[in-house]
Every structure is written in C-alpha cells, then in structure tokens.
*Asks:* 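Before I ask anything, let me first share the structure, which is written out below as structure tokens.
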Amino acid sequence: VDRSGHVIDFSDDKAFTIRTGAQSSTALTLEGALGEITRVQGDVRLQVHGLLQLTGVLSFELHEQDLTLDDQSTVTAQTLIVGGSDVSARLATGAGPSAIGVEVTGLNFGLALASSTQDTRSWLTLQGTADRASLLGTQAFGLSLEGSNLALSVNTGLGRTAEGALNRSTVDWSDKPIAVTTTASATATTLNLKGEYFEIAGSMDLRLGAVLEGSGSMVVSRQDLQVQVGGRMVATQGLMIGASGVDATLRGIEVQDASL
C-alpha cells in the first residue's frame, strides 16, 4: 500500500508467482479493485468448554467497499465476508446427553457483515443450506424437532442512522452478487438478496409426547406488508408459515398429505 492507499493489482495476466520450494510455488492473484484486503481460510476445529463444538472449512475476508442499498443510495462500508462449507456444529448447555441445545450438520453458508464508515448503521446478509438440524435435550419434555434439507436466507439492516432513527435499509446484492467460497473445490454460496428478507425452509419432523406427531415440508418467512385497518393502509411485518405434504396425528386424529 502506498501513501495514497493504492495497492498492487495481481488479477488476470498480472498474477505474480513466488517459488516456495524446489518444486512448489504460490501465485498472487488478488484484485487491486478490492483495495486493502485481509483473507484467511482453512480447516477449523473449535471447542469452548463443552458448550460449543464446531468443525469444518471456514474463510474470512475483510475489506472496504461501496455498497448499494435498497433505495439505490450508496454507502462506504467495512465488510466482513465469512464462508463455511461442510460445517458441523453443536451449541448446548453442556456436553452431556441431557444438555439442551441445537446440532447442525452439513452446513454451507455465506455471511456478510457490513458497517458504515459514516455512521452507526450496519447490515447483515446470510444465505446457507444444511443437511440436518435438530434440538437436543428436549426429549425429557416430550418434544423432539428435526429438520433436513434446510435453507436459510436473511437480509436486514441494523443500528441507527446519523439522525438516530432505526436503520430500515438493506443491501441490494442483486446487481453485484458475491460468490463466497472457502476452497477452490467447494461449491460457492452466492449472496444475491434484495430488500428485507427472512426465510427458513425445509422438511420437518415434530413430536410432542403422545399428543402430536407430524412431518412435512415447511416455509417460515417474515415479510413487510401493507394491510388495511379501519379503512386505512398500515405498514407492518407479518410472520408467514406455509406447509405441504403434511402427515400428522393429533390426539388420535390423522391427517395425510395436507397443505396449510
């Protein structure tokens, strides 16, 4: 980096190869357009006092960039991009079989955390999939919940504007999506959301003692809505839950292949 903040461009035909041994080398291929950038990736194994266990491949990238918001304004932000592939994680109150928590396997995700350089606004975007997720330690209460083939998408604003109002803006990734990768062989997760977004989808299996047992495909989403109340339109947020292919038994009453 020179005194003006310029960096060397190693992209495309400007890549620079450095010998690391008699028969090995490393190529510098970073794009100068990214500016100053910090990038780390590798296999991770983490354990915190039996409360959190995590294994998988993670990547971290930090740089400053101009982001386009949903109102088409632009903001300069410090952006942290986190990628994960083949991640298994367990978050619980302890390591024993009676600990309460959640366990996830086969998790692949891309996460962007951006903070404005002009005020206290920040933005969160997350897109990912998981092979399986389940609650732990709830069997003692007669409750079990397990999901498979799960997908999660989140795009929201955090913090406050310079005037002190809540940040209602979101990043518009649709024009310039980001492909988040952890290794050259891993499948990329593309961040391409636009507008406020929160959605979880997948196949669910639920059991509540001898009272309720059910399975099926479910989508849970939060949406901005315009509803009519007392003859006037009101802006609000609604939680939408939809399900299909539901097989359930409730106190001996059976339902098959229902859509809700």
Side-chain angles (χ1 to χ4, degrees), residues 52-56 84-93 96-111 124-156 170 173-174 177 180 187-229 233-260:
L52 173 63
Q53 298 174 357
L54 184 147
T55 60
S85 60
D86 197 22
V87 174
S88 295
R90 183 182 187 274
L91 178 62
T93 56
S98 61
I100 297 175
V102 63
E103 187 174 58
V104 181
T105 59
L107 175 62
N108 301 282
F109 69 91
L111 169 68
L124 166 68
T125 303
L126 170 64
Q127 290 181 256
T129 61
D131 293 338
R132 177 181 169 274
S134 61
L135 292 179
L136 301 174
T138 57
Q139 289 78 8
F141 310 108
L143 171 65
S144 65
L145 177 62
E146 181 174 315
S148 58
N149 299 319
L150 300 167
L152 172 63
S153 299
V154 178
N155 195 33
T156 191
T170 59
W173 298 101
S174 60
V180 183
T187 301
T189 298
T190 302
L191 303 182
N192 56 8
L193 296 176
K194 178 181 180 180
E196 183 80 20
Y197 212 93
F198 176 87
E199 182 175 281
I200 302 175
S203 299
M204 307 289 181
D205 289 290
L206 170 67
R207 180 186 294 270
L208 183 57
V211 178
L212 173 64
E213 182 178 349
S215 63
S217 297
M218 181 178 294
V219 178
V220 179
S221 62
R222 189 184 67 193
Q223 300 179 16
D224 292 328
L225 301 172
Q226 291 285 337
V227 298
Q228 186 169 350
V229 180
M233 299 304 295
V234 177
T236 184
Q237 285 188 336
L239 185 66
M240 308 297 178
I241 302 176
S244 62
V246 176
D247 295 330
T249 302
L250 176 60
R251 294 189 181 276
I253 301 174
E254 293 187 5
V255 176
Q256 292 185 342
D257 199 24
S259 295
L260 307 172

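In what follows, every heavy atom counts, from backbone to side chain, and hydrogens, waters and symmetry copies are set aside.
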*Asks:* With no hydrogens and no angle check, is any side-chain donor or acceptor of Gln127 less than 3.5 Å from a backbone partner on Thr189?
*Replies:*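 Between the backbone of Thr189 and the side chain of Gln127 there is no qualifying donor-acceptor contact (under 3.5 Å).
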*Asks:* For residues Lys194 and Thr170, determine if any side-chain heavy atom of one lies less than 4.5 Å from a side-chain heavy atom of the other.
*Replies:*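 A side-chain contact under 4.5 Å is absent here.
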*Asks:* If you round to the nearest 0.5 Å, how far is CD1 of Ile253 from CG of Leu212?
*Replies:*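 It comes to 11.5 Å.
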*Asks:* Could you tell me whether Asp86 atom CG has more than 12 heavy atoms of other residues or ligands within 6.0 Å of it?
*Replies:*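 Open: at most 12 neighbouring heavy atoms sit under 6.0 Å from CG of Asp86.
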*Asks:* Salt bridge (Lys or Arg N to Asp or Glu O under 4.0 Å): which pairs involve residues 202-215, sequence neighbours left out?
*Replies:*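 Salt bridge (Lys or Arg N to Asp or Glu O under 4.0 Å) check on residues 202-215 returns Arg207-Glu213.
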*Asks:* Consider side-chain contact (heavy atoms from CB on, under 4.5 Å). Of Val180, Leu124, Val154, which one does Leu111 pass it with?
*Replies:*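 In the set Val180, Leu124, Val154, the residue that makes a side-chain contact (heavy atoms from CB on, under 4.5 Å) with Leu111 is Leu124.
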*Asks:* So does Gln256 have more than 12 non-hydrogen atoms from other groups sitting under 6.0 Å from CD?
*Replies:*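 Open.
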*Asks:* Do Asn155 and Thr125 have a side chain donor and acceptor closer than 3.5 Å?
*Replies:*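 Note: Asn155 and Thr125 side chains meet the donor-acceptor criterion.
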*Asks:* Where is the tightest heavy-atom contact between Met204 and Gly147, given as atom of each residue plus distance?
*Replies:*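 Closest heavy-atom pair between Met204 and Gly147: SD-CA, 4.0 Å.
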*Asks:* By the side chain to side chain donor-acceptor pair (under 3.5 Å) test, which pairs, at least two apart or in different chains, include something from residues 132-149?
*Replies:*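 As it turns out, the side chain to side chain donor-acceptor pair (under 3.5 Å) pairs with a partner in residues 132-149, which skip direct neighbours, are Arg132-Ser134, Arg132-Glu146.
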*Asks:* Enter the distance from Ser203:OG to Leu150:CG here, rounded to the nearest 0.5 Å.
*Replies:*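 If I round to the nearest 0.5 Å, the distance is 8.0 Å.
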*Asks:* Can you see which heavy atom on Ala235 is nearest to which on Gln226, and at what distance?
*Replies:*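 Smallest heavy-atom distance, with atoms named: CB-NE2, 3.6 Å.
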*Asks:* Would you check if Val87 and Leu54 make a side-chain contact, meaning some heavy-atom pair closer than 4.5 Å?
*Replies:*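 In short, these two side chains touch, coming nearer than 4.5 Å.
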*Asks:* Heavy atoms, side chains only, cut-off 4.5 Å: are Leu135 and Phe141 in contact?
*Replies:*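 With C-beta onward as the side chain, the pair stays apart.
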*Asks:* List in chain and number order the residues that pass side-chain hydrogen bond (donor to acceptor under 3.5 Å, both in side chains) with Thr129, two or more places apart in sequence or in another chain; answer none if no residue qualifies.
*Replies:*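 Per chain and number, Thr129 pairs via side-chain hydrogen bond (donor to acceptor under 3.5 Å, both in side chains) with no residue.
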*Asks:* Could you list the residues that satisfy salt bridge (charged side-chain N to carboxylate O under 4.0 Å, His left out) with Glu196, not counting sequence neighbours?
*Replies:*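 Salt bridge (charged side-chain N to carboxylate O under 4.0 Å, His left out) check on Glu196 returns Arg222.
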*Asks:* Write down the atom of Ser88, the atom of Gly106, and the distance for their closest heavy-atom approach.
*Replies:*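 Between these two residues, the closest heavy atoms are OG-N, 4.3 Å.
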*Asks:* Under the salt bridge (Lys or Arg N to Asp or Glu O under 4.0 Å) rule, what pairs show up with a residue in residues 237-251, not counting sequence neighbours?
*Replies:*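 Found none.
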*Asks:* Which heavy atom of Ala130 sits nearest to which heavy atom of Val104, and what is that distance?
*Replies:*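 Looking at all heavy atoms of both residues, the shortest contact is CB-CG1, 3.9 Å.
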*Asks:* In Å, rounded to the nearest 0.5 Å, how long is the span from OG of Ser174 to CG of Leu191?
*Replies:*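 Answer for the OG-CG pair, Ser174 versus Leu191, is 12.5 Å.
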*Asks:* Side chains of Phe109 and Leu126: does their closest heavy-atom pair fall under 4.5 Å?
*Replies:*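 Phe109 vs Leu126: side chains touch.
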*Asks:* Report the residues that fulfil side-chain hydrogen bond (donor to acceptor under 3.5 Å, both in side chains) with Thr190, sequence neighbours left out, ordered by chain and then residue number.
*Replies:*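 Applying side-chain hydrogen bond (donor to acceptor under 3.5 Å, both in side chains) to Thr190 gives none.
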*Asks:* Tell me the closest heavy-atom pair linking Gly137 and Ile100, and the distance in Å.
*Replies:*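 Here Gly137 and Ile100 meet closest at O-CG1, 3.8 Å.
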*Asks:* Nearest heavy-atom pair of Val219 and Ala201: which atoms, and what distance?
*Replies:*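 Heavy-atom minimum between the residues: CG2-CB, 3.9 Å.
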